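Below, chains carry the letters A, B, ... as their sequence lines are ordered, and counting in each starts from 1. What you are looking at is a predicted structure, and each value in this text was computed from that prediction instead of being measured. No hydrogens, no waters, no symmetry mates; every other heavy atom, side chains included, goes into these values.
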2 protein chains.
Amino acid sequence: MKKAPTIRDVAAAAGVSVSVVSRVLNPDSGPVAPAKRQEVVRVIDELGYRPRAAARELSGGHALTIGLVVTDLSNPFFARLADRIVWEARSHGVQVVLMTTQEDPHLEAESLDTLLDRSVSGVIATPTGGNIEKWARLQDLGVNVVFVDRTIEELGNVDVVSIENFDSARRSTEYLIGLGHTRIALVTGPLSTSTGRARISGYRAAHETASLPVDPLLIRDVPFRGDAGGDAVGSLLAMPQPPTALIVANTAQVQSSVRRLVQKGVRIPEDLSVIVFDDNPWTELMTPPLSVIRQPLDMLAVHALELVLGRMQGKLPEGPRLIEVKADFLPRNSCAPLAQTATR
Amino acid sequence: MKKAPTIRDVAAAAGVSVSVVSRVLNPDSGPVAPAKRQEVVRVIDELGYRPRAAARELSGGHALTIGLVVTDLSNPFFARLADRIVWEARSHGVQVVLMTTQEDPHLEAESLDTLLDRSVSGVIATPTGGNIEKWARLQDLGVNVVFVDRTIEELGNVDVVSIENFDSARRSTEYLIGLGHTRIALVTGPLSTSTGRARISGYRAAHETASLPVDPLLIRDVPFRGDAGGDAVGSLLAMPQPPTALIVANTAQVQSSVRRLVQKGVRIPEDLSVIVFDDNPWTELMTPPLSVIRQPLDMLAVHALELVLGRMQGKLPEGPRLIEVKADFLPRNSCAPLAQTATR
DNA sequence: TTGTATGCGTTATCAA
DNA sequence: TTGATAACGCATACAA
């Protein structure tokens, strides 16, 4: 087990001082004679020298690292989002420390502490909704925070990248109303999340526009984790007057919901028209292929990274930035006109 | 933007020296009078002090961090694996720096350099197959390397955690042979990967046992990324004498393969019996539910972490460790006896 | 039991 | 254009 060379080893081998080496390492931090620069470069290469990140951070006071805090990588939405972000970050030379919260504010709090320890210069996160003071403190300490997908309204001065939640929910609801449905169920995230609230609003708005009453029993704002989505679906199906259409408005709930439909032998769309959020590849493989709201993951990732990096370099105007990207509705074959829907 | 307190601030506020604070921070690194300890703890809490990770690493020479190098988080197998590993690591107080290689040895090399810069004390990785010297160098510098899922045989002295690849492939092949199939196609990873080779061997072994000839044209060892799996399936279907059964032996190839089957209107299992590797939740939602080889992700994750952590603490015997976990075969409804298979 | 002093590897400041 | 040298924040050997 060898010891990795340090800047001093390089300096010695190249017959110069550490300052010179440091200067070739960090261009435009000072002048270096061409001849010496070349020699230093040669030695660096020969020794396989690489500057220790810890030392740089200690000296510089901050790390070229960002924290990525998502709830759960087993949710394909976050997995693909993380994939894009890690990828995009790498291409900008910044590393990503990954933490998951499992939707638990307590774990989230721990993660934030850890990121603070690491002196990350930025954080991209899907907040659970809690830890308001902690987030604020993080910002106060100079960490650039960007929320993606969700946000916390109480927190001013934080950048946010999300899809047009209100609009997406409204458009899918309108689509179903256009097919003649009047009893449309909505399974979505808890009211404690910004997405949950926005999507319910969109759903309501569509009803209002169509002068259709909203049956509150058809709106199920349930937790993301566990089988809450499936249970909501089960309970909806058991209603005396069950819905003829269903919108599952959160990726985390789609799988358990669809599973329950399959288990119950519900025929799609003959018995029930279905729209789900997020274009997971498998939604197209089902019979029938599911109509979906496609969330443009790469856009979310790119913008989020653009924001953190921009802030890190101080190249962004002061105020908080809110970026909403459009989510497309992809009609496939899981929705039918009410007239063709079997009533039980 | 405040400045975070340092150990000196704590020491000053508590009226003690930095060494005392350091000692309460690192128990059993030295004695501290109970009264002082309490006071220090109080001040730490009051100031919200947290030791800077960079300083610790610099001083200690190594980080409480491991690198996780997987090919691609948009592959649900790796996503779920990463989820488990991150989770498991957190519970042991170690952070995870995530890097993806996209199956590209060049990117992998970059990742390894980066991890070296960070002085990680361990790496859990799914190697692309290249960079042999680089991996060796990493080990040489004291980084504990654990390969998961795949391995590189040329690299001695590295811990490996994988499923019983040979056996899984053999068992699924035997199952199909048991149903009377004689023309069984195999789509699997490239020969440059250990899993690709092992699974082909298992497939061959099953044939041998049954005294069945192997048609080399039915074995398709193709790249993981892109649509190679789908293309292989397309080409298999177009054969003069197409297979009556298909094993897709790698998660990364399942989606494109199944998509192609759906596109071509192939009826499962009437036209073709199908077994795929890895129990993605959606395989159960398809009609019919797909028979799968279930890879026990949590076992892989737990063992991998156990190994790195064990090595980090020097609590493991010298030699390299090979852990193979059993993968269950879950028959569902995507396979039919040859007798009931339509011939075209 | 406590405090002082030194080192960890870099960057940055300032003289030369 | 270069080279000493002082931070950066923490751990630790050693002296008290």
Side-chain angles (χ1 to χ4, degrees), chain A residues 2-41 43-44 47-65 114 116-121 141-142, chain B residues 2-41 43-44 47-65 114 116-121 141-142:
Chain A
K2 289 183 291 197
K3 222 182 99 241
T6 75
I7 196 173
R8 259 184 273 274
D9 299 327
V10 175
V16 298
S17 74
V18 292
S19 331
V20 174
V21 180
S22 179
R23 270 181 236 121
V24 342
L25 249 33
N26 313 45
D28 46 65
S29 72
V32 178
K36 299 214 171 192
R37 146 163 290 122
Q38 195 170 9
E39 171 62 1
V40 169
V41 168
V43 172
I44 285 181
L47 265 50
Y49 164 76
R50 314 215 83 223
R52 225 71 78 244
R56 282 192 148 162
E57 292 173 18
L58 186 56
S59 179
H62 67 138
L64 234 70
T65 304
T114 301
L116 219 45
D117 303 349
R118 304 214 62 103
S119 324
V120 297
S121 16
L141 257 35
Chain B
K2 288 182 293 197
K3 223 182 98 239
T6 76
I7 196 174
R8 257 185 276 275
D9 299 328
V10 175
V16 298
S17 75
V18 292
S19 16
V20 174
V21 180
S22 179
R23 271 183 235 118
V24 341
L25 250 33
N26 313 44
D28 44 66
S29 72
V32 178
K36 299 215 172 194
R37 147 164 289 123
Q38 196 171 8
E39 172 63 0
V40 169
V41 168
V43 172
I44 285 182
L47 265 51
Y49 166 75
R50 315 214 84 225
R52 225 72 78 245
R56 282 192 149 162
E57 292 173 20
L58 187 55
S59 179
H62 67 165
L64 233 69
T65 303
T114 301
L116 220 46
D117 303 348
R118 304 214 62 102
S119 324
V120 296
S121 15
L141 259 34

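Closest to the side chain of A:P31, from the set C:dT10, D:dT2, C:dG3, is D:dT2. Among the nucleotides D:dT5, C:dG3, D:dG3, the one closest to the side chain of B:S19 is C:dG3. Among C:dT11, D:dC10, C:dA5, the nucleotide with an atom closest to any side-chain atom of B:T6 is D:dC10. Candidate nucleotides D:dG9, D:dA11, C:dT2 were compared by shortest atom distance to the side chain of B:K3, and D:dG9 ranks first. Comparing C:dG3, D:dG3, D:dT12 against the side chain of B:V16 picks out C:dG3 as the nearest. Listed nucleotides: C:dT11, C:dC8, D:dT12. Nearest to the side chain of B:S29: D:dT12. In this structure, the nucleotide among C:dG9, C:dT4, C:dT11 sitting nearest to the side chain of A:R8 is C:dG9.
On a pure distance criterion of 3.5 Å, a polar donor-acceptor pair joins the side chain of B:R23 and the base of C:dG3. In the interface, the side chain of A:S59 is not paired with the base of C:dG9 through any donor and acceptor atom under 3.5 Å apart.
Closest of all the heavy-atom pairs between B:A54 and A:L58 is CB-N, 4.0 Å. Heavy atoms only, all atoms of each residue included: B:S17 and B:A11 are closest at C-CB, 3.7 Å.
Taking atom CZ of residue A:R118 and atom P of nucleotide D:dC10, one finds them 14 Å apart after rounding to whole Å. Rounded to a whole Å, the CD atom of B:E57 is 12 Å from the C1' atom of C:dG9. Following rounding to the nearest Å, B:D9 (CG) and D:dG9 (C1') show an atom-to-atom distance of 10 Å. B:L64 has its CG atom 14 Å from the C1' atom of D:dA11, to the nearest Å. The distance between atom CZ of B:R52 and atom C1' of D:dC10, rounded to the nearest whole Å, is 10 Å. Between the CD atom of A:E39 and the C1' atom of D:dT1 there is a distance of 17 Å, given to the nearest Å. In this structure, B:I7 places its CD1 atom 14 Å from C1' of C:dA5, rounding to the nearest Å. In this structure, B:L25 places its CG atom 11 Å from C1' of D:dG9, rounding to the nearest Å.
Comparing B:V32 and A:R50 against DNA chain C, the residue whose closest nucleotide sits nearer the 5' end is B:V32. Comparing B:V20 and B:L58 along DNA chain C, the residue whose closest nucleotide (by nearest heavy atom) sits nearer the 5' end is B:V20.
OP1 or OP2 of C:dT11 has at least one side-chain nitrogen or oxygen of A:S22 nearer than 4.0 Å. Checking the phosphate oxygens (OP1, OP2) of D:dG3, a side-chain nitrogen or oxygen of A:S17 falls inside 4.0 Å. Using a 4.0 Å cut-off, some side-chain N or O of A:R56 falls inside it from OP1 or OP2 of C:dT11.
Side-chain polar atoms of A:R50 and B:T114 form no donor-acceptor pair below 3.5 angstrom. In this structure, a donor-acceptor pair under 3.5 Å is present between the side chains of A:R118 and B:T65.
For B:S119 (side chain) and B:A63 (main-chain N/O), no donor-acceptor pair under 3.5 Å exists by modelled atom type. Between the side chain of B:S59 and the backbone N or O of B:R56, no donor-acceptor pair lies under 3.5 Å.
Using a 4.0 Å heavy-atom cutoff across all strands shown, B:V21 reaches no nucleic acid atom at all. No engagement by B:R37 is indicated, since no non-hydrogen atom pair under 4.0 Å with the nucleic acid exists. Residue-level contact check: B:P51 touches the backbone only, with heavy atoms under 4.0 Å from sugar-phosphate atoms and none from bases.
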